[in-house]
Each structure stands twice: as C-alpha cells, then as structure tokens.
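Report on one structure; see the data block that follows.
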Amino acid sequence: MNFVSLSKTYDPKPVEEKWLKSWAEANLFSSHPKDSHDSENPPFVMVIPPPNITGALHMGHALNNTLQDIMVRFWKMQGKEVNWVPGTDHGGIATQNVVEKVLKAEGKKRTDLGREAFLERMWVWKKECGNTILEQLRRMGCALDLRPENMRFTMDEMRGRAVAEAFKRLWEKGLIYRGERMINWCVRCGTALSDIEVEYEERDSKLWHIHYPLEDGKEGSVVATTRPESMLGDTAVAVHPEDKRWKHLIGKKCRLPLTQRIIPIVGDKAIDLKFGTGALKVTPAHDPVDFEIGQRHKLDLVRVIGLDGKMTSEAGESYAGLDRDACRKKVVEDLKAGGFLKDEKPYHHSVGVCYRCNQVIEPLLSEQWFLKMAGLAQKAIQASKSKKVIFYPESWERPYLNWLENIRDWCISRQIWWGHRLPVWYCVKQATVCQPMVSFDRPAQCVSCGNGELEQDPDVLDTWFSSGLWPFSVFGWPEKTKDLNYYYPTTVLITGYEILYLWVARMVMMGLEFMEKVPFKDVYIHGIVRDKHGKKMSKSLGNVVDPLVLMDKYGTDAMRFALAVQTVPGRDIQFAEESLVGARNFTNKIYNATRYILMSLDQASPEVIQKISHYVSHPQELTKAKLDLADRWILGQISQTAKSVKESMVNYRVDEAARIIYEFLWGDFCDWYVEISKLSSSGKKAEVLGIACVVLERCLGHLHPIMPFISEELEQALSEKLGLRPGYLLKKEFSDFQFALTAEDADRIRFLKNLITGIRTLRSEYNIPPGKQIEVQYAKLESRSAVILKENESLIAHLAKIQGSIAADKLPSKSLYYPLSEVTICIPQSEVDVNKLKSRLDKERSVIQQELENLSRQLEDKNFLSRAPEEKVDEIRQRHTQVKQRQSRIEEVLKNL
RNA sequence: GGGUAGUUAGCUCAGCGGCAGAGCGUUCCCUUGACAUGGGAAAGGUCACAGGUUCAAAUCCUGUACUACCCACCA
C-alpha cells in the first residue's frame with residue numbers, strides 16, 4: 001500500500017480481503033499434534049462452542065468468537081502450539097424447527113415428506129447454513145483452520161460413533177434407563193424436553209375457584225386452579241391435614257363437576273395452607289406435584305390431554321378433540337352455567353414454555369430414556385471444588401455447583417427426526433420378550449432369539465448429549481488418536497452463561513466419565529450482547545444487529561475492538577452502534593500514525609533506514625544510544641504497556657488489555673511522542689525514528705490479537721519499508737525488551753506535561769490563537785526545574801507554541817498567571833481581564849486548600865504515621881510539599897492582582 | 001421462596017483500601033506539513049442510602065432500597 005498517496009482515512013475492506021486470502025493460503029492456523037504431551041509446555045487448546053446451524057451468526061457469536069480469537073492469537077504470539085478446533089452443531093429441535101418453517105412456507109409438513117425425505121432436506125440445509133457460518137467466522141478473522149478436512153460437525157460419522165459409544169457405555173453401566181415418568185412435553189415441537197429446556201415466563205392469567213360438591217350434593221371444598229381444563233383428569237382433591245377449614249372433609253368423597261366421577265378428598269402435607277383456597281385439585285397425569293400426590297395416595301391416572309395438545313376421549317364427549325385452550329374456555333363456561341364457579345381472580349404467574357418455540361409446556365406422563373445424573377454430578381462438583389476447573393469470573397462457580405447439587409435425571413430422548421438416532425435395536429418379532437440391543441451399526445440378528453428382522457428406536461438423542469462429548473469427540477474419541485492424546489484436556493472454554501448448565505456442566509461430567517479428566521482447566525464466561533437500552537436482542541423486538549453489516553460499515557477490527565473493550569467477564573454488554581464509531585476512529589488513528597512514520601522514513605537516507613532497521617531488530621541497542629527525556633519516557637511506557645497487556649490477557653481481562661493499548665497508542669504515543677519527535681534535529685533522527693518504529697511495531701504486536709487486520713497490514717508495511725524480512729505478526733518473535741523509567745525522569749515528565757498543559761490552558765481561556773507565538777516568563781523558578789526547562793526548551797516551545805521564554809525573579813505585572821508547584825507561568829499581556837483570572841485562581845485556591853487540609857491532617861495523625869506503610873507516608877509528604885508550594889504561589893499571584 | 005450481579009459525570013462503563021477516571025455527548029478555540037474519523041482547552045460527581053471495620057472506604061463488612069438475571073413442583 002502506498003501510504004503517501006492513498007487516502008487519509010483507513011479503508012478496511014481491501015485490507016481485510018487481502019489478509020484473509022493470505023492467511024488461508026499460508027495455512028497459518030493449522031496445528032499438528034506432537035507424539036507426547038509436554039506438561040512443561042502444554043499446547044493452548046480450545047474447542048469452539050459449535051454454532052447451531054440454524055441461520056446466520058448474531059452478535060453473541062461475534063463476541064464469543066472475538067474473545068476466542070483474541071486468546072488464540074495472543075497465545076500463539078507467546079510461542080505456544082495452539083489448536084482452536086472448529087465445528088458446527090446440528091442443533092436438534094432448533095434446526096428442525098427452522099427447516100419446518102421453510103417447509104411450511106411451501107405449504108408442506110415434515111410428515112408429508114416422511115422421515116427419510118425430510119432428513120435429506122435437513123442435510124441440504126446443513127450444507128448451506130454450515131457454509132454461511134464458515135464464511136462469517138472467516139470474515140471475522142478467526143484464526144481457525146477452516147479447511148473442510150479440519151471441520152467437525154456433531155452429526156458427522158466420527159461424532160456419530162462417539163455418541164453411540166458413549167450411549168453404549170452408559171447403558172452397560174446401568175446409568176441409562178427407560179421408563180415412564182412425568183416429563184415436559186412441547187405440543188408444538190412434538191417432543192419431550194429436559195427440565196433445563198423449559199423456560200419460565202411471567203404471564204397474566206386467572207385463578208379460578210371451583211366448587212367440588214360432596215358426593216351427596218352438599219357443600220364440599222372449593223379448589224383454586226390456573227388450569228381449569230385439567231380438572232377433567234382430576235382424581236382427587238387434596239387439603240392439608242391440619243387445615244381447620246377443610247380437614248373435616250378428609251376421607252369423604254366429592255363429585256367432580258362436569259363429569260360423573262366420584263373422587264376422594266385426601267390429606268397431604270405438600271399443600272400450601274396460604275395458597276388460594278387451601279384445597280388442591282389433583283390431576284396426577286398432568287402435573288408433577290399432583291403426580292407425586294397421586295403416588296402417595298394411589299390415585300388413578302386419567303389422561304385428558306394428548307400429545308397433540310388436544311383433549312382425549314377420556315375428557316368426555318363434549319370436550320374430546322378440543323384444543324387445550326378452547327377446552328379451557330368451554331370448561332369455564334360450563335362451570336359458570338352449572339354454578340360451580342365461585343370466583344375468578346386476575347392472577348400473574350409464571351408458566352413453563354419451550355425454549356425453542358415458546359409454546360406452553362405440557363407436563364405429562366410418557367415413556368422416555370433417562371440418564372442417571374447423581375454420580376456423574378458428584379464428580380463434576382468435586383472437580384470444581386478442588387479447582388481442577390476454574391471459573392472466570394469465579395462468581396459463576398456457585399450457580400454451577402448449585403445446579404449440580406440439585407440435579408435430576410436427564411431425559412435424553414426426543415421425538416423428533418433430526419439428531420442422533422438412539423443406538424437401540426429391537427427384535428421386530430418379539431419386541432416385548434427379547435432384549436433391546438445397543439450398537440451404532442445395525443446388529444446382524446437379535447441376540448435373544450436370532451431373528452434377523454430388527455428395528456431401530458425411532459427417537460433421537462437430545463442435541464446436548466452430543467455437545468457434552470464435544471471436547472473429546474472432536475479429537476476422534478473413542479479411538480485413541482494422537483490428537484486426543486496431545487490435545488486433551490483443553491486449556492479453556494469460552495462461552496456464555498446461558499448455556500452453563502445445558503452445555504458446560506454436561507461437558508465436565510462427560511469428560512470425567514469417559515476421559516477421567518476435566519475437559520478444560522478454565523471456563524471463561526461472558527455475558528450476552530444487548531441493545532443500547534439493555535434489552536435482549538430479538539427478532540420480534542426488531543433490535544437485532546447483524547455483525548456482517550457492522551463489519552461492512554466500520555471494519556472488522558473496529559467491531560472486534562468495540563466488543564473486546566466493553567467485555568467485562570460475566571457481564572452483559574449494552575451495545576450501541578456509536579461505540580463502533582469510536583473504534584473505527586481508533587483504527588484511523590493507528591493508520592495515520594503509521595502513515596506519518598512511513599512518510600518520515602520515505603524522507604530518510606538509506607543509511608538512516610539501515611540504522612533504524614537495526615534498532616527494530618535489536619531494540620536493546622537503543623538503550624546505548626544518546627536518549628532524550630521523551631525517548632526514555634516512551635520506551636519506559638511501552639515496556640510497562642507490554643507487561644500490563646500480558647498480565648491482563650493471562651487473566652482473561654481482554655477489556656483491560658484493549659484499554660491499555662488504546663491509551664498508550666493514542667494518549668502517549670500519538671499525542672505526545674509523535675508530536676515531540678517532529679522537532680528532532682537531523683543528527684538525532686535515526687534514534688527518534690528508530691524509537692518510533694520500535695514502539696509502533698510492538699504496539700501493533702499487542703494489538704494484533706484484538707485487531708488482526710490493520711495490525712498485520714501496518715506491521716508488514718513497516719517491515720517492508722525498513723527492508724526487513726516480511727512475516728506474519730502471528731509468527732513474529734519479539735525480542736524481550738525492557739526499559740525502566742527512573743523516578744527522576746518520571747518526575748521530569750510530569751513537570752513538563754503540567755507546564756505545557758498550563759500554558760495551553762491559559763491560551764485557551766484567553767483566546768490566544770493556538771498558532772500565535774507568544775512569550776512566556778517563568779517566575780521564581782527553582783534551580784532544579786530550571787535545568788529541566790533548559791534541557792527541554794525546544795520541546796516546550798514546540799508543544800506549547802511559545803516563541804521564547806525568560807526566567808524572572810519577580811512576578812511580572814500585566815500577565816496571565818498559572819502557578820505550578822515549581823514555577824509560576826506568566827504570559828505578559830497588554831490587557832488582562834483581572835476578574836476572570838482572579839475567579840479561576842480563587843477556585844483553584846479553595847480546591848487546593850481542601851487538599852492541603854486533608855494532607856496535613858494525615859501528617860499530623862500519629863496513627864497514620866505509625867501504621868501506614870512508609871512509602872505511603874513519604875508519598876503524602878511529597879505531595880504535601882508540592883501542594884504547599886503551589887498554594888503559596890497562588891496566594892502570591894492573588895496578592896499581586 | 002432461594003441465589004447472583006449491579007447502582008460511580010447527561011449516556012455507556014472502567015476503577016475495588018491511599019489526589020474520583022475513560023469513551024460518547026455538551027461548551028469554547030483551531031484547517032499547524034499523520035489524522036477534522038483530527039488537535040487543544042473547559043464545564044460536569046454527596047461514587048444509591050444507613051451503619052460498621054480501618055490511620056485511611058467509591059473500594060472491605062452488615063443492613064436497606066431499587067434494577068437485572070438465574071434457580072425452585074407457589075395449584
């Protein structure tokens with residue numbers, strides 16, 4: 001790129017395209033396993049949370065993958081062998097729903113196609129959607145080896161075998177069982193769900209009070225319910241045994257309204273005396289609590305709601321076939337007509353809904369496959385308590401433990417088509433007699449009777465079952481592969497808190513069960529990306545932002561930076577597009593700073609260039625050169641920055657790292673050093689330009705994990721200009737460079753910055769044009785400060801735009817004054833607005849007065865002097881001296897006005 | 001009902017024992033030869049509230065209020 005002739009603003013598009021192509025061609029992101037695991041220098045390994053193939057990636061993915069890519073690039077640059085394993089997830093119900101929606105638009109249902117044809121459609125979808133996702137990951141600059149042969153998919157052959165093997169082992173261990181239980185049924189999706197796949201939503205409804213008369217028609221009990229339609233399946237009324245209102249009824253029978261059924265009134269301690277009427281209608285077939293009560297009292301089960309959400313024939317002639325909602329209306333009407341409805345109160349409560357389609361969940365009794373969790377959870381709890389798994393931030397450990405401690409068996413079977421078919425085979429001839437067989441491939445014959453006609457269980461596994469195996473299935477488990485040996489366990493998992501239980505906890509359990517090692521050492525939990533008002537992004541709210549659009553508009557680096565700098569571990573981001581403007585401006589700043597340095601290099605002689613490139617390759621040599629204060633300062637700053645950035649990165653504080661680089665690059669480097677460098681004499685040029693190049697190059701290195709494109713572009717342009725061997729930043733080895741700023745130098749810089757700012761403030765306040773050269777007098781200058789001023793005369797002149805300066809013994813009259821601790825700055829003027837000057841100084845006086853009082857109080861406090869650390873006391877003393885000096889200067893000026 | 005996090009400038013958020021910070025927004029000045037996607041300067045704060053610990057609290061502890069989220073079988 002020709003920086004001199006090209007535009008003044010950075011254009012990310014061509015740069016991104018260029019490097020994406022270049023990185024892919026260089027196969028920069030692949031990893032190769034070593035024969036043995038080196039525990040001294042373990043590889044950095046991460047498996048991607050495989051995106052569901054439900055559509056395009058959203059901002060959550062952008063954040064997740066930005067964070068992962070930052071860690072990957074960072075550790076790669078630290079010289080680690082890095083493997084970031086890419087893949088996608090089949091996404092079970094979610095994906096099936098998406099394709100069903102597409103079919104619906106064509107006027108078809110999945111049942112019209114049949115299982116086989118439908119699955120074909122699913123695979124077509126998988127291919128398209130998978131490619132879209134790949135393209136997005138690529139565009140984001142993710143350092144993933146996305147070649148087809150390196151891609152994993154939860155439903156590819158290898159992962160399929162892993163799933164079947166895991167199922168088989170758990171089955172043989174007796175951890176998987178089949179049974180009829182109360183499960184969560186999604187009427188719309190037509191499948192069972194596990195407990196954590198049910199979400200709860202607050203809804204406005206009613207609480208109906210219904211009179212259940214006694215058998216003989218006399219006054220019985222009044223029950224309270226939110227689900228009147230379920231009364232058709234009631235087989236008892238339950239009251240608390242100690243409830244004075246109702247306990248006399250226990251043992252009696254009542255007549256279930258709208259039916260001919262006679263049901264008992266039972267006493268059960270599970271009843272909450274304070275709720276509703278204190279009497280509960282018991283529907284054992286359609287409510288988990290009622291089911292338990294039913295078990296305790298040996299009640300009948302009457303199923304009135306079918307799998308399709310319609311009332312069954314058991315509901316009675318007038319209701320059978322009605323949709324559950326319609327039935328509710330009719331039941332309420334009928335109760336009203338029959339005089340049974342005693343009350344109808346507005347009621348706000350939470351109802352369970354399907355996490356994939358938002359429809360109300362129907363709890364019902366069904367035969368399903370379950371995985372026993374207690375033992376698995378116990379090991380996962382231990383792993384966390386013994387710090388084998390560490391959460392960042394650690395506040396997520398408790399919810400994780402809490403969930404595991406209260407875990408219930410996992411319903412793993414789903415009645416959908418898209419997923420891993422249960423590896424269970426039945427003998428067609430004698431299904432009830434012969435043993436079911438568990439195997440990935442179709443067994444040749446029935447083990448019990450030798451019959452060859454076998455049928456596979458129609459159910460598929462919960463999509464999270466295969467996800468749970470991901471950290472080792474990606475490496476070829478159950479085969480003992482080289483990959484598995486070298487890469488497992490992985491280093492860190494980076495994911496959002498919304499799938500802590502669904503996924504993270506399951507991976508830990510499965511990893512411990514099958515690999516006997518935790519699947520990852522660290523878990524970095526990030527938040528979700530919300531809109532600028534703090535609302536969750538959703539299609540229905542219309543507040544969804546497409547990462548691709550943002551990348552097009554502001555550049556990928558800008559989007560990545562904006563996300564990175566706003567991400568505090570575990571916390572949500574309120575994301576406003578404005579934040580991208582700031583990030584985009586930052587890319588422009590970096591580009592222009594580099595452009596300026598390249599332009600300067602253009603003007604340098606070949607000898608100077610050679611010298612500079614020597615410095616860039618051997619920065620330590622700079623310390624031997626004759627350095628000015630500003631040179632020493634910026635070298636000290638970059639050293640400090642390097643240290644801080646690394647520390648933040650190691651602790652997953654990507655936001656801190658981003659902020660540190662931003663502040664250094666813009667605040668220290670551009671605003672001060674580059675400006676200062678502009679006045680360097682030609683004799684010193686090689687050193688100053690050399691320092692600028694060294695500092696900039698290192699800064700680009702630190703920036704690379706966060707902003708890979710622009711850093712690569714500028715670094716390579718710089719290398720080229722300096723005639724250095726080109727190479728990717730990712731592979732670049734920066735020699736260790738440390739330069740410590742002395743306390744004296746730090747103090748000198750502080751003084752100079754205050755001085756320059758002071759002069760600028762006066763200029764600004766009194767509308768002295770920035771370009772106008774003025775003269776400054778330094779009144780009552782200390783001898784030490786005089787030396788600093790003398791040594792940095794031209795620097796001050798340049799930055800504060802002053803023409804000349806003289807040291808004065810007394811305060812000159814008719815001046816603008818700006819008292820510092822060490823000197824009083826005076827700008828002589830023909831006309832001075834004394835009142836304005838006075839009011840500012842008065843204000844400063846009161847501020848400084850307050851500060852001085854605070855400092856004095858501390859220094860007079862014996863407890864402070866004896867108990868505070870010595871360096872703290874020294875610090876306060878020093879500050880006290882400075883503030884005191886400044887105060888007396890302010891007083892002096894005020895007296896003179 | 002239990003738990004977790006948050007409450008700091010107009011907005012979005014850092015800071016988490018030792019001078020209250022950044023970005024955006026606001027006001028003023030500036031086309032200076034990297035950048036107006038820029039430079040310089042300024043205004044703006046009872047760090048939610050009440051107690052406590054400490055020489056010292058925005059920061060640690062306790063409680064209160066509000067907000068958000070998570071968990072739980074409130075019919």
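Everything quoted here is computed from the prediction, not taken from an experiment. Below, read A as the first sequence line, B as the second, and so on, with proteins coming before strands; counting in each chain starts at 1.
Mapping A:Trp403 and A:Ile597 onto RNA chain B by nearest heavy atom places A:Ile597 at the nucleotide closer to the 5' end. Remark on RNA chain B: of its neighbouring residues A:Val568 and A:Asp272, the 5'-side contact belongs to A:Val568, judged by nearest-heavy-atom nucleotide.
In this structure, A:Glu675 atom CD and B:U32 atom P are separated by 13 Å, rounded to whole Å. Taking atom CZ of residue A:Phe291 and atom P of nucleotide B:C73, one finds them 15 Å apart after rounding to whole Å. Rounding to whole angstrom units, CZ of residue A:Arg879 and C1' of B:A56 are separated by 12 Å. Rounded to a whole Å, the CD atom of A:Glu656 is 18 Å from the P atom of B:C13. Taking atom CG of residue A:Leu580 and atom C1' of nucleotide B:C24, one finds them 13 Å apart after rounding to whole Å. Atom CD in A:Gln885 sits about 20 Å away from atom P in B:C19, given to the nearest Å. Atoms CZ (A:Arg571) and P (B:U12) sit 13 Å apart, rounded to a whole Å. In this structure, A:Tyr766 places its OH atom 21 Å from P of B:G40, rounding to the nearest Å.
Judged by distance alone with a 3.5 Å cut-off, no donor-acceptor contact links the side chain of A:Lys536 to the base of B:A68.
A distance of about 11 Å separates the P atoms of B:A22 and B:A42, rounded to the whole Å. Only the P atoms considered, B:G52 is 12 Å distant from B:A57, to the nearest whole Å. Distance noted for atom C1' between B:G45 and B:C35: 33 Å (whole Å). Rounded to the nearest Å, the gap between the P atom of B:G40 and that of B:U54 is 46 Å. Remark: the separation of the P atoms in B:U27 and B:G21 is 24 Å, to the nearest Å. If you take atom P in B:U8 and the same atom in B:C47, they sit 11 Å apart, rounded to whole Å. The same atom, C1', is picked in B:A20 and in B:A56; the two are 16 Å apart, to the nearest Å. With both ends at atom P, the span from B:C49 to B:G10 equals 14 Å, rounded to whole Å.
Across B:C35, B:A75, B:G3, the shortest atom-to-atom separation from the side chain of A:Leu280 is found for B:A75. The side chain of A:Phe275 sits closest to B:A75 out of B:G18, B:A34, B:A75. Of the candidates B:U37, B:C71, B:G3, B:U37 carries the atom nearest the A:Arg584 side chain, counting heavy atoms from C-beta on. Among B:U12, B:C35, B:A5, the nucleotide with an atom closest to any side-chain atom of A:Gln566 is B:U12. Side-chain atoms of A:Lys872 lie closest to B:G18 of the nucleotides B:C69, B:G18, B:C19.
When the side-chain nitrogen and oxygen atoms of A:Lys8 are compared with OP1 and OP2 of B:C35, one or more of them lie within a distance under 4.0 Å. Residue A:Lys678 places at least one side-chain N or O under 4.0 Å from the OP1 or OP2 atom of B:A34. Contact between the side-chain N/O atoms of A:Trp666 and the OP1/OP2 oxygens of B:G39 is found at a separation under 4.0 Å.
Residue-level contact check: A:Arg659 touches the backbone only, with heavy atoms under 4.0 Å from sugar-phosphate atoms and none from bases. Base contact: A:Pro869 has a heavy atom under 4.0 Å from a base atom. Among the heavy atoms of the strands lying under 4.0 Å from A:Gln574 are primed sugar atoms or P, OP1, OP2 only; no base atom is included. Counting any heavy atom pair closer than 4.0 Å across all strands shown, A:Arg653 reaches sugar-phosphate atoms only and no base atom. Using a 4.0 Å heavy-atom distance criterion, A:Phe669 is classed as making no nucleic acid contact.
Residues forming a ring pair (Phe, Tyr, Trp, His ring centres under 6.0 Å) with A:Tyr392 (at least two apart in sequence, or on another chain): A:Tyr652.
The aromatic ring centres of A:Phe391 and A:Trp396 sit 6.0 Å or more apart.
Across every non-hydrogen atom of A:Val332 and A:Glu344, the tightest pair is CG1-OE1, 4.0 Å.
A heavy-atom distance below 4.5 Å is not found between the side chains of A:Val504 and A:Tyr497.
Taken together, the paired segments of RNA chain B that extend over three or more consecutive Watson-Crick or G-U pairs, each closer than 3.5 Å at both contacts, are B:1-7 with B:65-71, B:10-13 with B:21-24, B:26-30 with B:38-42, B:48-52 with B:60-64.
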